[in-house]
Amino acid sequence: MKKLFVPEPVSGGLILSYKCSTECKHCMYACSPKWKADWISEEDAEKILSQLSGKIQESPVGRDKIGLNTGLHFTGGEPFLNFKLLLNVTQLARKYEIPSTFVETNCFWCRNDEDTREKLERLKDAGLQGILISVNPFILENVPFERTERAVSISDEVFGENAITYQEFFLHHFRQLKIHSTLPFEEYLQKAGSGILSYIELILMGRACYKLGRLYRKYPAERFFGASCREELTRNWHVHIDNYGNYISGYCGGISLGDARDLSSIREIDLSQKPILDALITDLKEFYELGKSFGYKDLSEGYIFKCHLCIDIRRHIVQQNDKFTELNPRELYQYLK
Ligand code: SF4
Ligand code: SF4
């Protein structure tokens with residue numbers, strides 16, 4: 001029997017739901033306000049957190065410090081859309097002694113100082129160690145920059161050095177440009193010049209392939225043949241577990257390795273039951289041929305990256321049938337474009 005061996009996770013994120021207050025052009029997980037409000041149940045969160053206990057490694061500078069690729073973060077979608085749940089999962093993480101915990105937010109909710117401070121202090125009291133504030137030109141399209149500024153300054157007071165701004169470059173750049181409100185991406189590009197694109201730490205996956213593809217050079221599918229995704233799909237750091245229990249590695253939104261509510265079931269995956277995974281870890285050419293057997297037609301303009309080819313084929317297959325358990329959550333494929 002052909003098997004895929006997946007190491008235990010050492011850091012990652014818990015996706016509380018894919019529902020977001022906004023629909024960023026670069027979102028790897030195709031989050032949007034349109035998603036169903038399927039928040040993770042507290043029962044499932046407890047099952048998952050109890051199994052992550054003892055596996056998640058602390059930041060190299062201590063269990064009460066945070067880092068982008070260490071510890072455990074609560075994410076989405078936008079976790080502050082369900083503050084009560086965020087508070088409860090934070091308490092659960094403390095109960096199971098998970099180190100270096102933080103929340104990732106787009107700051108849409110930071111409408112005034114009092115409410116912002118109160119929420120952050122309640123989270124800290126519940127055991128949360130820090131916060132990651134997302135700052136980039138895509139969030140700026142929908143979240144007024146004054147809210148981001150508020151979140152940064154109050155988070156600094158509440159969490160000190162455990163308040164991370166990602167990307168700090170854009171915080172300074174938006175200040176330099178004296179932005180206070182929202183700004184459409186095209187206008188930002190005009191103000192900043194297209195050279196600014198090289199400063200965006202962008203992973204060309206998910207929605208970015210469709211919404212930002214025009215900014216990048218494209219290649220025919222054959223260019224990506226010969227590549228295997230074994231490394232990404234068996235990565236043990238910065239994995240994600242979503243509200244449906246899907247175990248996602250390598251930022252590969254829409255590919256489920258299995259049900260993380262039984263983490264031990266993901267250690268050895270029987271590939272005869274998972275032909276999509278089997279093809280992806282073998283060669284993208286094999287995956288392409290699988291797509292062709294379902295009637296997939298190449299994009300005439302080509303693909304910006306291997307993940308563009310991959311997600312376009314997956315999107316096609318999901319539209320044809322529902323037999324592949326690896327292609328989950330299926331709703332993700334509806335909100336890519
Ligand atoms: S990138 Fe973040 S803020 Fe933007 S849609 Fe995705 S989850 Fe929401
Ligand atoms: S090609 Fe597909 S499986 Fe490979 S890293 Fe990209 S999204 Fe993941």
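Quick note: residue numbers are just sequence positions, from 1. Order of appearance sets the numbers: ligands from 1, and atoms from 1 within every ligand.
- A cation-pi contact, defined as under 6.0 Å to the ring centre and within 45° of the axis, links R235 to Y251.
- Remark: the backbone N or O of L290 is paired with a side-chain donor or acceptor of S293 at under 3.5 angstrom.
- Residue T22 touches ligand 1 through backbone and side chain together, judged by heavy-atom distances below 4.0 Å.
- Close approach to M205 involves these atoms of ligand 2, each under 4.0 Å from a residue heavy atom: 6 (Fe), 7 (S).
- Comment: R261 engages D259 in a salt bridge, judged by a side-chain N to carboxylate O separation of less than 4.0 angstrom.
- Of the protein's non-hydrogen atoms, the one nearest atom 4 (Fe) of ligand 2 is C229 SG, 2.2 Å.
- Of the possible polar contacts, none joining the E326 side chain to the D278 backbone as a donor-acceptor pair under 3.5 Å is found.
- In C24, the parts holding a heavy atom less than 4.0 Å from any atom of ligand 1 are both the side chain and the backbone.
- N106 ND2, 3.4 Å is the protein heavy atom nearest to atom 3 (S) of ligand 1.
- The distance from the CG atom of L4 to the CD1 atom of I281 is 4.5 Å, given to the nearest 0.5 Å.
- Nearest protein heavy-atom contact of atom 6 (Fe) of ligand 2 is C307 SG, 2.3 Å.
- Each of the atoms 3 (S) of ligand 2 lies under 4.0 Å from some heavy atom of I255.
- Expressed to the nearest 0.5 Å, how far NZ of K306 lies from OG of S228 amounts to 7.0 Å.
- Between F102 and H73, the ring planes are parallel. Angles under 30° get that label, and only those over 60° would be called perpendicular.
- The shell of residues lying under 4.0 angstrom from ligand 1, judged by heavy atoms, includes H26.
- The nearest protein atom to atom 8 (Fe) of ligand 2, hydrogens excluded, is given as C252 SG, 2.3 Å; this is a heavy-atom distance.
- Without hydrogens or angle criteria, R63 side chain to E97 main chain gives a donor-acceptor distance under 3.5 Å.
- In this structure, CD in Q91 is found 11.5 Å from CD in E46, a value given to the nearest 0.5 Å.
- Distances below 4.0 Å separate heavy atoms of C20 from the following atoms of ligand 1: 3 (S), 5 (S), 7 (S), 8 (Fe).
- Looking at R314, E232, E326 and measuring to atom 7 (S) of ligand 2, the nearest heavy atom belongs to R314.
- Within the 4.0 Å heavy-atom shell around ligand 1 one finds G77.
- In this structure, atom 2 (Fe) of ligand 2 lies nearest to the protein heavy atom C310 SG, 2.4 Å.
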